[in-house]
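Taking it in order: structure first as structure tokens, then the write-up.
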Amino acid sequence: QFVESDDDEELLFNIPFTGSVKLKGVIVMGEDDGTHPAEMRLFRNIPHMSFDDTAKEPEQTFSLSRDPLGELEYPTKIARFSNVYHLSMHFPKNFGAETTKIFYIGLKGEWTEAHRHEVTICNYEASANPADHKLEQITPQTHFIS
């Protein structure tokens, strides 16, 4: 089984994660012919990425070698891929065929549970406004102890 591009050699994968991932390496396996991808561009945290968005500067670009057995691992820049919740993989070209075929994509890294913070709306006062703090009048009383 494999994924094959439609009309040209470009392929785009959008991979959402259920947590936060520290991506350390990528493996791409294709055939030992012109359909194997020749370049891989990685983008992080751009949900619903389309081919129009691939004009942006990627986080990292790899020149791929033909790897029909999936033995080559391409290490990522861990500092750039330490908090990934969505990964987009763009394969812009191959080794000369009209379409690109990919048989396997392996991702190596560490998964941690996502920490989703709710939005908190706070109002702070620089100084107290007496009109906001209504208190009942306190009548002073004097008590003598004999």
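In what follows, residues are counted from 1 in the order of the sequence shown.
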Revision key, fill the gap. Rounding to 0.5 Å, atoms CG (Leu23) and CD (Gln60) come to a distance of 9.0 Å

**Study point:** Same apolar cluster: Leu12 and Leu107, side chain cutoff 4.5 Å
**Key:** no

Practice item. Could you note down all residue pairs passing salt bridge (charged side-chain N to carboxylate O under 4.0 Å, His left out) where residues 76-88 supplies at least one of them, sequence neighbours left out? Key: none

**Study point:** Flag side-chain contact, heavy atom, 4.5 Å: Thr61 against Met40
**Key:** no

Review point. Quick one: are Asn14 and Ser88 in side-chain contact, heavy atoms under 4.5 Å?
Key: yes

**Study point:** Pairs satisfying side chain to side chain donor-acceptor pair (under 3.5 Å), at least one member in residues 99-108, at least two apart
**Key:** Glu4-Thr99, Asn94-Thr100

Practice item. Tell me whether the centres of the aromatic rings in Phe2 and Phe103 are closer together than 6.0 Å. Key: yes

Check your understanding: With the threshold set at 4.0 Å, does a side-chain nitrogen-carboxylate oxygen contact exist between Lys93 and Glu9?
Key -> no

Point to revise | Parallel, tilted or perpendicular, as decided by the 30° and 60° cut-offs, for the rings of Phe43 and His90 | key: tilted

Check your understanding: Any side-chain heavy atom of Ile15 sitting closer than 4.5 Å to one from His86?
Key -> no

Check your understanding: Side chains of Pro37 and Ile102: closer than 4.5 Å at any heavy-atom pair?
Key -> yes

Practice item. Sorted by first residue and then second, give each ring pair (Phe, Tyr, Trp, His ring centres under 6.0 Å) pair with at least one member in residues 48-81; sequence neighbours left out. Key: Phe62-Tyr74

Review point. Is any side-chain heavy atom of Val84 closer than 4.5 Å to a side-chain heavy atom of Phe17?
Key: yes

Point to revise | Heavy-atom side-chain proximity of Trp111 to Thr18 below 4.5 angstrom | key: yes

Check your understanding: If you look only at pairs with a residue in residues 45-70, which of them pass as a salt bridge (charged side-chain N to carboxylate O under 4.0 Å, His left out), with sequence neighbours excluded?
Key -> Arg44-Glu59

Practice item. For atom CD of Glu73, decide whether the heavy atoms of other residues, nucleotides or ligands shown that lie under 6.0 angstrom number more than 12. Key: yes

Review point. Does Asn45 reach the main-chain N or O of Tyr85 with its side chain, forming a donor-acceptor pair under 3.5 Å?
Key: yes

Can I get a per-line list of side-chain donor-acceptor pairs under 3.5 Å for residues 24-32, giving both atom names and the distance, sequence neighbours left out?
residue, atom, partner, partner atom, Å
Lys24, NZ, Glu110, OE2, 2.6

Review point. How about Thr35 and Phe95: do any of their side-chain heavy atoms sit closer than 4.5 Å?
Key: no

Practice item. For residues Leu87 and Phe13, determine if any side-chain heavy atom of one lies less than 4.5 Å from a side-chain heavy atom of the other. Key: no

Exercise for review: Using modelled atom types only, decide if a donor and an acceptor are shared between the side chain of Asp33 and the backbone of Ala97 within a distance under 3.5 Å.
Suggested key: no

Exercise for review: Please identify each residue that fulfils salt bridge (charged side-chain N to carboxylate O under 4.0 Å, His left out) with Lys22, with sequence neighbours left out.
Suggested key: none

Check your understanding: Would you say the side-chain atoms of Thr112 pair up with the backbone N or O of Ser20, donor to acceptor, closer than 3.5 Å?
Key -> yes

